[in-house]
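Working notes for the structure below.
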Amino acid sequence: MQAKLERLPFGVGQLTPKYLTFVMGMLVLLAIGLLSYGRQLSEGHIITGLRDIGSMGGATWGLYIVFLIYFVGVSFAGITIAAMIRLLDVHYLKPISRIAELITVTALILAGLCILPDLGQPLRGITNLFRYARPQSPFFGTFTLVVSGYFFASLVYLYLASRPDAATCAQVPSRLQGLHRLWAAGYRGTPAEQHRRKVASFWLAIAILPLLVTAHSTLGFVFGLQVGRPGWHSALQAPGFVVMAGVSGVGLVILVAALFRRLYGAETRLDDRIFRWLGNLLMVLVLAYLYFMVVEWLTGAYEGHQHELKLTKALLGGDFASTYWLAVICLVVPLAILFGQWVRNQFSLTQLVVAGALVNVAAIAKRYLLVVPSQTHGTLLPYGTGSYSPTSVEYAVVLGVIALGCLIFAIFVKVFPVIDLTDGAE
Amino acid sequence: MPRYGMVIDLDRCTGCRACMAACKVENNTPEGSFWMYVFRFEEGEYPNTRIWFMPRPCMHCDNAPCAKVCPVGARYKREDGIVATDWDRCIGCRYCEVACPYSVNYFNWRDPEENQYVNWKDPELEALSGGVIPPYKNPDLDRPCGPEKRHIAGASHVEGVIEKCTFCVHRVEAGKTTACAANCPEHAIIFGDLDDPASEPSQKLQRKSSFRLLEEAGTHPRVQYVGGTPHGHGWRQIQPAGKRS
Amino acid sequence: MTRGKLAVSMVLGGFFLQALSYFFLAAPLGIPTGVEYSNPRLPFAPAIFIAGVMLVFIAAIVYELLPDRDGGE
Ligand code: SF4
Ligand code: SF4
């Protein structure tokens with residue numbers, strides 16, 4: 001029994017002390033997050049750093065919204081990569097597709113969980129959205145399209161794409177055999193079934209791409225349609241969102257894939273070709289985003305409208321300068337790394353991982369710079385400059401949410417192979 | 001159906017902030033939130049300075065960004081021109097707050113009992129008051145408003161819900177004017193039916209030239225200012241209300 | 001063949017529900033001028049939209065998992 005258990009690939013079903021320590025650590029973080037959220041529920045949002053815009057001189061959307069956008073952005077990567085593998089028929093990329101899809105599903109769960117602590121009435125939030133949601137509000141797009149539609153789509157995608165592997169695993173006797181059998185749902189790999197699978201995933205991929213663009217654009221519209229906030233009202237907001245989503249998401253896929261390659265010694269499955277491809281994709285996306293950033297910067301500085309000007313000043317040389325230039329550095333350095341690799345045709349996984357980590361720092365910083373300064377420094381009536389600094393409660397809740405994401409990953413890895421078993425050629 | 005609006009005469013306003021106090025008394029708003037707020041501006045270099053004042057209620061926009069973005073329709077426009085907030089439906093997302101160009105929304109950051117200028121849940125205070133209805137609560141005002149029968153005004157506030165100037169809809173429906181207009185010692189705030197050419201605010205608008213705030217935002221405010229100019233570059237705000245701890 | 005037809009009709013039905021809910025059953029679009037802009041025209045219309053989204057993607061599962069009737073077993 002024991003010998004055969006080990007035949008389940010990539011450590012599925014095996015619990016090592018290291019793994020348990022990791023899970024314990026994440027559980028502790030999650031518990032701290034939950035406790036903080038409990039405190040916020042009983043004492044009110046007064047214990048966060050959020051305050052009213054205007055005469056109270058604060059920001060009313062803070063860290064929760066920043067991470068909501070960040071997570072929705074990250075979720076972009078998985079499903080795009082999976083769909084691209086399908087549509088462009090890049091077989092050698094197949095081994096990372098499950099990692100990418102899992103990132104999508106997890107990130108969407110986390111995004112949903114980031115909305116809840118932001119709401120003043122979380123219970124009403126859940127019920128009233130089903131009852132009263134208005135299509136006119138960009139939030140309708142965020143909640144129904146992104147969270148329900150997109151989440152559901154990627155779940156279906158993840159499930160269907162994993163059936164053959166489940167069937168493979170179900171042949172190995174183990175404690176998880178029953179689950180794998182259920183998961184495979186009778187998949188036997190007959191030609192008819194393979195054909196159906198091909199057709200279904202092709203059309204799913206086609207259906208998901210437009211959904212993807214709409215979903216991420218609506219999130220951009222949440223900000224882009226607001227005339228009342230300097231720095232938000234811009235037609236670039238929606239495309240900028242899609243590109244930044246790609247940057248952070250691809251960066252995270254690189255990080256996670258590299259981690260699993262190291263953990264499971266899967267150098268042959270997750271080979272250098274995959275990482276090179278990811279690296280090049282990331283390079284193009286970062287380049288595009290930097291272009292957006294320059295355009296944004298020029299418009300703000302050139303237009304000379306007093307409010308835009310004040311905001312641009314605060315970003316480039318004022319209260320937010322350190323965050324802003326951190327974001328710029330965290331985009332330019334990865335670009336230099338990736339460009340160097342591409343030009344010299346060399347490849348180093350370590351450098352790629354550094355680039356992946358940096359762009360994620362940049363993504364969080366940029367999301368912060370989008371959400372906060374327009375509220376504290378962007379009032380159209382002369383209220384004066386406000387300020388916002390997150391409190392320990394907000395940090396704890398966000399960390400708890402991230403820990404939950406790690407836990408979802410940790411659990412999934414132990415019940416199912418996270419790297420695709422079957423080759424692209426079916 | 002009347003369509004209400006407000007005309008504020010900046011020539012008359014002395015910056016006494018009686019309207020702010022009247023609003024607080026009428027609506028029992030929590031600490032730090034000013035449904036009515038009066039800017040005090042200063043212009044020029046000493047000794048050639050000039051000061052002037054500008055009250056700022058909610059503009060009750062005809063093309064209200066806040067009502068457009070509310071995901072659940074808790075913020076809505078009424079046929080009589082008032083932009084109302086349903087305190088029983090609002091989920092507290094504060095989207096209306098970021099969407100409003102005039103920054104007039106205030107959130108209930110904590111339990112209203114603790115949110116007044118004193119903490120009414122303080123045991124010491126409870127011993128003194130003996131559990132009577134605290135003066136900031138007025139059950140008489142807590143009835144549903146309008147033909148739609150929604151909880152949009154009154155004196156008991158709800159934690160985790162957004163609120164803003166209601167144009168004193170509970171008073172208006174009872175045939176009275178708003179608290180700020182009733183209490184302004186200079187009669188600088190005039191409230192009434194803008195569709196009726198004989199009403200006092202309409203008369204005022206015919207006599208004096210008027211402007212509206214942030215016209216370029218396309219919000220079509222129902223609050224109009226006469227006897228002054230919109231604030232420009234050189235204005236500084238003096239004695240702003242501070243940030244609350 | 002029927003499998004394909006079923007899936008396609010589920011997809012079409014799903015999109016139909018979405019469009020129906022978005023344009024005709026949920027709260028009206030346009031500049032809000034009255035109370036009716038804040039209420040869905042049919043109660044729980046947004047739930048219909050979400051059901052539509054789900055239907056579209058469940059079609060894929062149905063397409064793949066529907067057991068063969070014509071002697072496939
Ligand atoms: S002033 Fe602000 S809160 Fe009032 S109606 Fe206009 S947008 Fe809405
Ligand atoms: S805070 Fe309330 S009123 Fe404002 S947009 Fe959100 S749900 Fe609507």
Side-chain angles (χ1 to χ4, degrees), chain B residues 1-5 58-91 93 95-96 99-101 144-153 161-162 164 166-167 169 173 194-195 217-222, chain C residues 1-69 72:
Chain B
M1 156 134 336
R3 283 180 53 78
Y4 297 108
C58 164
M59 304 291 145
H60 294 266
C61 311
D62 274 343
N63 182 9
C66 60
K68 280 190 190 164
V69 299
C70 179
V72 295
R75 175 63 56 82
Y76 64 103
K77 180 88 182 168
R78 299 186 359 146
E79 278 82 1
D80 61 3
I82 294 177
V83 175
T85 320
D86 187 336
W87 296 346
D88 292 336
R89 192 189 284 190
C90 170
I91 62 175
C93 66
Y95 196 2
C96 48
C100 172
C145 291
E148 72 270 19
K149 293 258 170 293
R150 294 222 221 155
H151 182 203
I152 57 175
V161 157
I162 205 93
K164 64 161 187 69
T166 61
F167 260 2
V169 56
E173 286 189 349
L194 288 186
D195 273 7
T219 50
H220 303 299
R222 292 197 71 76
Chain C
M1 206 58 234
T2 40
R3 176 194 300 277
K5 272 184 195 147
L6 181 63
V8 169
S9 53
M10 275 176 79
V11 170
L12 291 181
F15 279 123
F16 174 72
L17 281 186
Q18 284 176 43
L20 192 71
S21 163
Y22 193 94
F23 292 108
F24 300 108
L25 300 182
L29 299 160
I31 294 176
T33 51
V35 188
E36 67 274 12
Y37 283 85
S38 68
N39 288 319
R41 280 163 279 189
L42 184 82
F44 289 96
I48 296 179
F49 183 91
I50 296 174
V53 174
M54 288 177 134
L55 199 62
V56 169
F57 290 100
I58 288 178
I61 295 191
V62 168
Y63 180 76
E64 276 209 33
L65 293 195
L66 200 71
D68 276 316
R69 242 179 302 153

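Within every chain, numbering begins at 1; the chains are lettered A, B, ... in the order of the sequence lines, protein sequences first and strands thereafter.
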- side chain to side chain contact (heavy atoms under 4.5 Å, CB included) with C:Phe15: which residues, sequence neighbours excluded? C:Val11, C:Gln18, C:Val56
Which donor-acceptor pairs lie under 3.5 Å between chain C and chain B?
from    : atom 1 : to       : atom 2 : distance (Å)
C:Val35 : N      : B:Lys77  : O      : 3.4
C:Ser38 : O      : B:Arg89  : NH1    : 3.0
C:Ser38 : OG     : B:Arg150 : NH2    : 2.6
C:Asn39 : OD1    : B:Arg89  : NH1    : 3.1
C:Asn39 : OD1    : B:Arg89  : NH2    : 2.6

- Task: Indicate the atoms forming the closest heavy-atom contact of B:Cys145 with B:Val169, along with that distance.
- Result: SG-CG1, 4.2 Å
- Item | Partners meeting side chain to side chain contact (heavy atoms under 4.5 Å, CB included) with C:Phe23 (sequence neighbours left out) | C:Ala19, C:Leu29
- Any side-chain heavy-atom pair from C:Ile48 and C:Leu42 closer than 4.5 angstrom? yes
- Interface moiety of B:Val72 toward chain C, non-hydrogen atoms closer than 4.5 Å: backbone
- Message: The criterion is side chain to side chain contact (heavy atoms under 4.5 Å, CB included); which residues satisfy it with C:Ala60, sequence neighbours excluded?
- Response: A:Val156, A:Leu160, A:Leu204
- Item | Shortest non-hydrogen separation from B:Val69 to B:Ala99 and the atoms involved | CG2-CB, 3.7 Å
